[in-house]
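To start, the structure itself, in structure tokens.
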There are 2 protein chains.
Amino acid sequence: MRATKNSKKRDAVKAFIMETHSHPTADEIYSHVKCEFPNVSLGTVYRNLARLEETGEIKKLSFTTGPDHYDGDTSDHYHYICRSCGRIYDMPAEVKDVIMKAAKAGAPGTVESHDLVFYGVCRDCLKSTGNNA
Amino acid sequence: MRATKNSKKRDAVKAFIMETHSHPTADEIYSHVKCEFPNVSLGTVYRNLARLEETGEIKKLSFTTGPDHYDGDTSDHYHYICRSCGRIYDMPAEVKDVIMKAAKAGAPGTVESHDLVFYGVCRDCLKSTGNNA
DNA sequence: ACAATAATAGTAATGATTATTGTTTTTAAA
DNA sequence: TTTAAAAACAATAATCATTACTATTATTGT
């Protein structure tokens with residue numbers, strides 16, 4: 001494996017992902033790291049995110065629309081996206097076994113993994129708007 | 001609603017999606033329609049795909065990577081992507097109720113829908129390569 | 001201190017898609 | 001069967017997120 005040298009910017013990227021629960025995008029991470037390192041470049045953020053994902057320290061969340069998000073919580077869980085505010089919430093993974101079992105019965109080959117994302121309107125938005133738009 | 005005029009190119013786009021089971025991309029549809037209409041433009045394909053999706057005649061399939069695909073089968077089903085050949089297969093939707101029920105119990109708001117995609121290696125690829133890469 | 005090389009900033013390139021603009025069809029009615 | 005309004009169109013530019021490139025800077029072991 002490729003040698004690794006210390007990097008204060010990579011540390012800053014990782015520290016932010018670990019401390020937040022906001023599932024930030026590369027751009028949001030970039031903005032945050034820029035406070036501490038005003039000359040950091042977006043490419044550096046992307047490169048370090050890719051690296052941290054390779055080593056399993058973080059997880060990349062890709063959805064069907066919009067930019068990728070990053071998660072410092074690498075434990076097994078799904079996500080829920082509020083279609084009003086766009087916030088990403090964690091969801092328990094308890095149906096995972098049922099899904100995988102059913103999938104294996106109906107699949108045209110091996111089933112190695114699956115992506116599952118839920119959509120709805122979160123309680124915060126339901127409360128503040130009083131409707132479902 | 002906006003008026004609709006006949007369009008041979010839209011007909012050709014729709015006919016191809018309806019007759020194939022390959023879940024083609026916009027570009028693949030473009031290539032196909034180009035045989036019959038050599039001067040068709042990619043923009044026309046995209047515009048007509050968007051239109052056909054709006055009217056519910058076809059479905060757009062967005063995945064976490066790669067271009068969107070289009071499906072003439074609008075019935076309720078999931079998809080399976082072979083990570084070796086990239087082909088997209090249909091999967092039964094029988095676990096849908098279980099997933100929605102479990103989701104509603106653990107969600108931070110209403111649950112309106114979910115996206116679920118399976119990944120593995122299809123039997124065709126398992127057979128022809130003899131391994132799982 | 002000094003090379004070897006990883007990490008970086010800045011910028012260019014990419015791929016899929018959407019937007020724009022001026023021209024061509026389609027359509028219904030004169 | 002012209003005509004005029006609007007849809008559909010081809011060609012092209014613009015967009016967004018991301019990756020690739022290149023020359024410079026920082027980190028590390030000796």
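Letters A, B, ... are given to chains in the order of the sequence lines, protein chains preceding strands, and every chain is numbered from 1.
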Does [N] have its OP1 or OP2 closer than 4.0 Å to a side-chain nitrogen or oxygen of [X]?
| X | N | result |
| --- | --- | --- |
| Asn6(A) | dT28(D) | yes |
| Thr4(A) | dA6(C) | no |
| Ser7(A) | dT8(C) | yes |

Q | Distance (rounded to the nearest 0.5 Å) between Lys9(B) NZ and Phe37(B) CZ | A | 7.0 Å

**Q.** Dot-bracket encoding per residue of DNA chain D, Watson-Crick/G-U cut-off under 3.5 Å, | denoting interstrand
**A.** ||||||||||||||||||||||||||||||

**Q.** Sugar-phosphate only, base, or nothing, as touched by Arg47(B) at under 4.0 Å among non-hydrogen atoms
**A.** base

Q. With a 4.0 Å cut-off on heavy atoms, is Asp27(A) in touch with a base, just the backbone sugar-phosphate, or nothing at all?
A. nothing

Q) Which atom names give the shortest non-hydrogen contact between Cys122(B) and Tyr80(B), and what distance separates them? A) N-OH, 3.6 Å

Q | Electrostatic pair Lys59(B)-Glu53(B), nearest N-O below 4.0 angstrom | A | no

Whole angstrom value for the distance that separates [atom2] of [N] from [atom1] of [X]:
| X | N | atom1 | atom2 | value |
| --- | --- | --- | --- | --- |
| Tyr46(B) | dA13(D) | OH | C1' | 16 Å |
| Tyr30(B) | dT17(C) | OH | P | 14 Å |
| Lys8(A) | dA26(D) | NZ | P | 10 Å |
| Asp11(B) | dT26(C) | CG | P | 11 Å |
| Lys60(A) | dA17(D) | NZ | C1' | 10 Å |
| Glu54(B) | dA8(D) | CD | P | 11 Å |

Q: Select one nucleotide: of dA7(D), dT18(D), dA10(D), the one nearest the side-chain heavy atoms of Val40(B).
A: dA10(D)

Q.
Nearest to the side chain of Pro67(A), heavy atoms from C-beta on, is which of dT18(D), dA11(D), dT8(C)?
A. dT18(D)

Q: Map Ala50(B) and Lys5(B) onto DNA chain C by nearest heavy atom, then report which one ends up closer to the 5' terminus.
A: Ala50(B)

Q) On DNA chain C, nearest-nucleotide positions of Asp68(B) versus Phe37(A): which is more 5'? A) Phe37(A)

Q) Which class fits the ring pair Tyr78(B) and His114(B): parallel under 30°, tilted 30 to 60°, perpendicular over 60°? A) tilted

Distance-only donor-acceptor hits, side chain of residues 90-102 of chain B, under 3.5 Å, sequence neighbours excluded:
| unit_1 | atom_1 | unit_2 | atom_2 | d |
| --- | --- | --- | --- | --- |
| Asp90(B) | OD1 | His23(B) | NE2 | 3.0 |
| Asp90(B) | OD1 | His77(B) | NE2 | 3.3 |
| Asp90(B) | OD1 | His79(B) | NE2 | 3.3 |
| Lys96(B) | NZ | Asp76(B) | OD2 | 3.0 |

Q) Residues in salt bridge (Lys or Arg N to Asp or Glu O under 4.0 Å) with Asp71(B), at least two apart? A) none

